[in-house]
Amino acid sequence: MGHDLDAQIAEWASFVSSHRPIDGGDVDELEAHLRDQIGELVDAGLTPDEAFLVAVKRMGSINALSREFAREHSDRLWRQLVLGGGGSETEAATAGFWVMAAFAVVAAVVVRLPEAFGLDVVADGESFYARNLSLLVFPVLAGYLAWVRRLGRFGLGVLAAWFALGAVVVNLYPFEPGGSTEILAAIHLPVALWGAVGFAYVGGEWRSHTGRMDFVRFTGEWFIYYVLIALGGGVLVGLTIGVFGSVGVDVSEFVGGWVVPWGAAGALIVAAWLVEAKQGVIESMAPVLTSVFTPLFALMLVVSVVVAAFSGSGVDADREVLIIFDVLLVVVTGLLLYAISARDRDARRGPLDVIRLVLVAAAIALDLIGLGAMIVRISEFGFSPNKTAALGLNLILLVTLTWSGLRLLGFVRGRESLGPLERWQTVSLPVYAAWAATVVVGFPLVFSFT
């Protein structure tokens, strides 16, 4: 990068470091993140100056310091690019809150909207909501994130087409009621549609390695916030029913049929807003969570592999056990991905990295055991929608985990940095959405909707 660009970055870093809660290490991390984004934008065709301004705008959306810096350096277009037209931070925060509240209300209304079209939720709700619940709430969440990221018309068109295709498939395909392909579609559709949420989150820049990794962090923290809201909401619902019941009024049907669905749908937006609102420069839940759960999962997986290997039960495992295997492997893959997203790429390797390597090695061994069991079942009973879906997922996880393990081994041995592992993790993300879409769209056709 040129001297002028280095000078601009140095001026920005100097301002950030002057803010009392930020120490030198945090400034270095912020500067590295800024330089990464500038490099990606330059590779995409922007000039260094343009890339610098756009990158600071992105950081400004998550960092109040950048907005303050923008106000003090308005002569260099900071106000236009970071503040987006002026106004105080308090006004912007208030406007953001009310926009979030509006989207939350829309989500709450939409989740009960099918009743307005004559759908009997009691009679038809189980099948309908199993197939369509993600189609009712995820578009609203994606719309909120598209508003936050100022997604353009083309991006909005992509989102609309994405959700429309899902709606057409799950509602117009002639599924056999309760058949395997209907159940698989209901399970995999939220995964495919979460890819659309990610597209909205990165502002349509789906090729951005940094954007995809940021979405990983968002997903983890969004899930944590949603669980916390759900726990608090559960306590509130229980107390409400108890208080009204104490005076002889039974509100359980109203609360369960209306308040709970409203709250559950609206909380999707509230959780996303909380993640965006708390995106500070030094706070993150990821390092703490991964440090706690990585050793525990590694120990559990090693014990599971040893037991399966010596008991011989892995080859004879029934379907329920194989499903547990798949769920466990998905959790491990997500844990590794979240751990890499939380780790300082410039930090030296440590004991936790060795534990992560053990975790991946044990997960690969467990994957091979499960894969062997699936092959045995397929050779005996033939292909079915469930077995084919599980086999495909296992193969994807095996490739992902094996390559991740090789990259992590290279890092632990000091032969390469974390960069290749981090990039591989984000490159593999669209594969899961693509596989989920294949199961939703293609499997019913292949297996005649049974």
Side-chain angles (χ1 to χ4, degrees), residues 180-181 183-192 293-294 296-340 355-410 421 424-444 446-447 450:
S180 296
T181 56
I183 295 173
L184 286 172
I187 293 173
H188 288 79
L189 182 61
V191 179
F293 285 104
T294 296
L296 296 177
F297 268 90
L299 178 62
M300 185 265 292
L301 278 179
V302 169
V303 173
S304 300
V305 170
V306 171
V307 171
F310 284 94
S311 66
S313 61
V315 176
D316 299 325
D318 57 20
R319 184 174 66 176
E320 287 71 22
V321 175
L322 295 179
I323 292 174
I324 294 175
F325 272 24
D326 278 349
V327 172
L328 182 58
L329 291 171
V330 169
V331 171
V332 169
T333 304
L335 182 63
L336 177 64
L337 179 61
Y338 202 39
I340 298 303
I355 296 176
R356 292 188 182 110
L357 182 59
V358 173
L359 174 71
V360 173
I364 293 173
L366 197 63
D367 197 342
L368 290 173
I369 293 173
L371 191 60
M374 289 179 188
I375 293 174
V376 170
R377 290 180 64 86
I378 290 174
S379 65
E380 291 180 355
F381 305 104
F383 284 93
S384 69
N386 289 330
K387 289 195 285 285
T388 306
L391 178 63
L393 178 59
N394 264 63
L395 291 174
I396 292 173
L397 290 171
L398 180 62
V399 173
T400 302
L401 289 168
T402 300
W403 193 252
S404 298
L406 292 174
R407 300 282 68 79
L408 189 57
L409 177 62
L421 173 58
W424 165 252
Q425 292 283 296
T426 59
V427 166
S428 63
L429 286 177
V431 176
Y432 297 103
W435 174 248
T438 300
V439 174
V440 173
V441 178
F443 273 41
V446 173
F447 292 99
T450 58

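Atom set for the values below is all heavy atoms of this structure, side chains included, hydrogens, waters and symmetry mates excluded.
Between Tyr432 and Thr400, the side chains place a donor N or O and an acceptor N or O closer than 3.5 Å (distance only, hydrogens not considered).
When every heavy atom of Leu329 is checked against every heavy atom of Ala363, the shortest pair comes out as CD2-O, 3.3 Å. Scanning both residues, Lys387 and Ile378, for their nearest heavy atoms gives CD-CG1, 3.9 Å. Considering all non-hydrogen atoms of both residues, Gln425 and Thr333 come closest at OE1-O, 4.4 Å. What you find for Leu366 and Leu328 is that their closest heavy atoms are CD2-CD2, 3.5 Å.
Between the side chain of Thr388 and the backbone N or O of Pro385, no donor-acceptor pair lies under 3.5 Å.
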- request: Walk me through it: do Glu380 and Val376 pass the test side-chain contact (heavy atoms from CB on, under 4.5 Å)?
  value: CA-CA 6 Å; Glu380 291 180 355; Val376 170; 3.7 Å; yes

- request: Determine, stepwise, if the pair Thr450 / Ser180 fulfils side-chain contact (heavy atoms from CB on, under 4.5 Å).
  value: CA-CA 6 Å; Thr450 58; Ser180 296; 5.9 Å; no

task: Let me see the working for His188 and Phe443 under side-chain contact (heavy atoms from CB on, under 4.5 Å), right down to the final yes or no.
output: CA-CA 11 Å; His188 288 79; Phe443 273 41; over 6 Å; no

message: Does Leu391 form a side-chain contact (heavy atoms from CB on, under 4.5 Å) with Leu371? I'd like the steps, not just the answer.
response: CA-CA 7 Å; Leu391 178 63; Leu371 191 60; 3.4 Å; yes

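Enclosure of atom CZ in Phe447 by more than 12 non-hydrogen atoms of other residues, nucleotides or ligands within 6.0 angstrom is indicated. The environment of CH2 in Trp424 is crowded: more than 12 heavy-atom neighbours from other residues, nucleotides or ligands sit within 6.0 Å.
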